[in-house]
Amino acid sequence: MRDVMEALRKREAEEKVPAIRLEIDYYLMTLHDAMQEDDDKAVRETKEKLRLLSEQLNRFES
């Protein structure tokens, strides 16, 4: 049973990690644009989204 759960967790990570990485790339571009426009609100919101995505990525990669 333990091996089955581990296999399911590994497969879920293999499916979700690429999508999370794409989202991180998108929000990094959004952060760049917000910084170029001196939009402090958008910078804060985007940094928070990046922090959450980073946590998700770390959870799946650990």
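Quantities reported herein were computed from a predicted structural model and do not represent experimental measurements.
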#### Entry: Pairwise distance CG(Leu50) to CD1(Ile24) - rounded to 0.5 angstrom
7.0 Å
Exercise answer: donor-acceptor pairs, residues 25-40 side-chain atoms, under 3.5 Å, sequence neighbours excluded:
{"from": "Thr30", "atom 1": "OG1", "to": "Tyr26", "atom 2": "O", "distance (Å)": "3.0"}
{"from": "Asp39", "atom 1": "OD1", "to": "Lys41", "atom 2": "N", "distance (Å)": "3.4"}
{"from": "Asp39", "atom 1": "OD1", "to": "Ala42", "atom 2": "N", "distance (Å)": "3.2"}

### Summary
So salt bridge (charged side-chain N to carboxylate O under 4.0 Å, His left out) across residues 49-62, not counting sequence neighbours, yields Arg21-Glu61, Glu48-Arg51, Arg51-Glu55
Which donor-acceptor pairs under 3.5 Å do side chains of residues 7-17 form with protein atoms, sequence neighbours excluded?
{"from": "Arg9", "atom 1": "NH2", "to": "Ser62", "atom 2": "O", "distance (Å)": "3.1"}
{"from": "Glu12", "atom 1": "OE2", "to": "Lys16", "atom 2": "NZ", "distance (Å)": "3.4"}

